Amino acid sequence: MFDYDEEAERYDASRGGEPRAAAAAGAVLGLLPRTGGALLDIGCGTGIVTRRLAAAGLRVTGADAAGGMLRQAAERTPGRVVLADTRQLPFPDALFDAVSAVWLLHLLDDADRVVQEAARVLRPGGVFVTTVDKAASHDVRSDIDAVMAPRPRRAARDRADLVTGFAARNALAPAGRAYFRGRGRTPARAAADVRRGWYTLLPPGAPLTERLATRLEQLPEQHAPRPDPQFALRAFRKK
């Protein structure tokens, strides 16, 4: 697993920073009821999105399993974050009006447990909003994607059809979808990410890891961003 505690200090700058966070928060808010209420942001990371949800007038609680990320979130949303496994949340049933999960499900082999927990802590009529298809969203048919095509991949657990199935098994019905833009990658950033172990199944120092990183470093316009990805959100309402 990628070490998110170690990555915390540079995570935001390397993942699109404030513009990407603003786009994500705006899209999430567009799928929530206008009545405000209590929202749980699971996998909140550094809180860069969480604080925008709180600024919109929601009573927001952030939860994350990485202490390094959560310390930054605590500075952004004081008194509103908890250290927690998102697959076993420390909250009673039916406590929240909404639950959000931005860039979380793709990290887990048991994403169904996260959806189950989100449904459990939602009140009847509450809304669960999550990103889906993250890996597919990143593939913009660029030269970076061509270089990375041979890398091994694990089966995506955040595919929209899978998440919809997880939701249905927990009395969550489809309630909308939205999209927002991320930030296009540069070859230099992609190569650095490969060498740091950012890509699943590419351990730092492994022969294939080094070959791919070297090929990325040979691409033209090393610091020119490729086309922006478009990320997808799905919303589900608790019956």
Side-chain angles (χ1 to χ4, degrees), residues 15-16 20-65 73 76-77 80-82 84 86-87 89 91 93-108 111-137 156-182 229-239:
R15 300 297 117 190
R20 189 176 81 152
V28 170
L29 291 168
L31 292 170
L32 298 179
R34 301 293 182 183
T35 53
L39 178 141
L40 175 64
D41 187 28
I42 56 177
C44 70
T46 65
I48 194 170
V49 174
T50 315
R51 70 174 177 186
R52 287 175 164 80
L53 302 176
L58 296 164
R59 300 189 306 278
V60 175
T61 300
D64 201 281
R76 287 169 162 158
T77 52
R80 294 183 175 183
V81 299
V82 296
T86 56
R87 299 162 296 186
L89 293 168
F91 303 108
D93 296 353
L95 182 63
F96 295 97
D97 300 294
V99 176
S100 58
V102 179
W103 300 304
L104 172 64
L105 299 187
H106 71 285
L107 298 173
L108 306 170
D112 54 320
R113 289 178 57 191
V114 175
V115 178
Q116 182 180 9
E117 279 292 272
R120 180 182 67 78
V121 301
L122 271 176
R123 295 173 180 143
V127 175
F128 172 52
V129 178
T130 180
T131 45
V132 296
D133 297 321
K134 185 173 187 287
S137 298
R157 295 295 285 168
D158 70 333
R159 283 194 349 245
D161 62 322
L162 284 178
V163 175
T164 299
F166 301 154
R169 292 200 291 272
N170 290 281
L172 297 172
R177 61 184 67 185
Y179 302 90
F180 62 95
R181 290 283 178 185
Q230 179 172 264
F231 297 110
L233 286 169
R234 294 291 177 92
F236 303 91
R237 189 177 302 278
K238 187 172 182 178
K239 299 176 184 177

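Residue numbers count from 1 along this sequence. The figures here come from the full heavy-atom set of this structure, side chains too, leaving out hydrogens, waters and symmetry mates. It should be emphasised that the depicted structure is a prediction, and the values quoted were computed from it without experimental measurement.
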Without placing hydrogens or testing angles, list every side-chain donor-acceptor pair under 3.5 Å for residues 51-63, not counting sequence neighbours.
from  : atom 1 : to    : atom 2 : distance (Å)
Arg51 : NH2    : Glu18 : OE1    : 3.0
Arg51 : NH2    : Glu18 : OE2    : 2.6
Arg52 : NH1    : Glu18 : OE1    : 2.8
Arg52 : NH1    : Ile48 : O      : 2.9
Arg52 : NH2    : Glu18 : OE1    : 2.6

Item to check | Residues which pass side chain to side chain donor-acceptor pair (under 3.5 Å) with Arg157, listed by chain and number, not counting sequence neighbours | outcome: none
Checklist entry - Between the main-chain N or O of Leu89 and the side-chain N or O of Arg120, is there a donor-acceptor pair closer than 3.5 Å? => result yes
Checklist entry - Which pair of non-hydrogen atoms, one from Ala24 and one from Leu233, has the smallest distance, and what is that distance? => result O-CD1, 4.5 Å
Item to check | Pairing residues for Ala156 by the side chain to side chain contact (heavy atoms under 4.5 Å, CB included) criterion, not counting sequence neighbours | outcome: Asp158, Arg159
Checklist entry - For Asp41 and Ala101, which heavy atoms make the closest approach, and how far apart are they? => result OD1-N, 4.5 Å
Next on the checklist: Using the side chain to side chain donor-acceptor pair (under 3.5 Å) criterion, which residues pair with Thr130? Sequence neighbours excluded.
Outcome noted: none
Item to check | Shortest non-hydrogen separation from Ala23 to Phe180 and the atoms involved | outcome: O-CB, 3.7 Å
Item to check | For Phe96, all residues meeting ring pair (Phe, Tyr, Trp, His ring centres under 6.0 Å), sequence neighbours excluded | outcome: Phe91
Checklist entry - Is there a donor-acceptor pair closer than 3.5 Å between any side-chain N or O of Asp64 and the backbone N or O of Cys44? => result yes
Checklist entry - With sequence neighbours excluded, what pairs up with Asp97 under the side chain to side chain donor-acceptor pair (under 3.5 Å) test? => result Arg123
Item to check | With sequence neighbours excluded, residues passing salt bridge (Lys or Arg N to Asp or Glu O under 4.0 Å) with Arg177 | outcome: none
Checklist outcome for this item: Sequence neighbours excluded, the answer for side chain to side chain contact (heavy atoms under 4.5 Å, CB included) partners of Gln230 is Tyr179, Arg181
Checklist entry - Between the main-chain N or O of Leu122 and the side-chain N or O of Lys238, is there a donor-acceptor pair closer than 3.5 Å? => result yes
Checklist entry - Under 3.5 Å, is there a donor-acceptor pair between the Thr46 and Arg76 side chains? => result yes
Checklist entry - Quick one: CG on Leu32 to CZ on Phe128, what's the gap to the nearest 0.5 Å? => result 11.5 Å
Next on the checklist: What verdict does the side chain to side chain contact (heavy atoms under 4.5 Å, CB included) test give for Phe166 and Gln116, after you've listed the backbone C-alpha separation in whole Å, the side-chain angles of each residue and the deciding distance to 0.1 Å?
Outcome noted: CA-CA 7 Å; Phe166 301 154; Gln116 182 180 9; over 6 Å; no
Checklist entry - Who are the salt bridge (Lys or Arg N to Asp or Glu O under 4.0 Å) partners of Asp133, not counting sequence neighbours? => result none
Checklist entry - Do you know the tightest heavy-atom contact between Leu172 and Phe236? => result CB-CB, 3.7 Å
Next on the checklist: Determine whether Thr164 and Arg234 satisfy the following criterion, side chain to side chain contact (heavy atoms under 4.5 Å, CB included), listing intermediate values before the conclusion.
Outcome noted: CA-CA 9 Å; Thr164 299; Arg234 294 291 177 92; 4.1 Å; yes
Item to check | Closest contact, heavy atoms only, Thr86 versus Gly43 | outcome: CG2-N, 3.6 Å
Item to check | Residue pair Leu31 / Gly176: nearest heavy atoms and the distance that separates them | outcome: CD2-C, 3.9 Å
Checklist outcome for this item: Applying salt bridge (Lys or Arg N to Asp or Glu O under 4.0 Å) to Arg237 and not counting sequence neighbours gives none
Checklist entry - Out of curiosity, Glu117 CD to Asp112 CG, how far, rounded to the nearest 0.5 Å? => result 11.5 Å
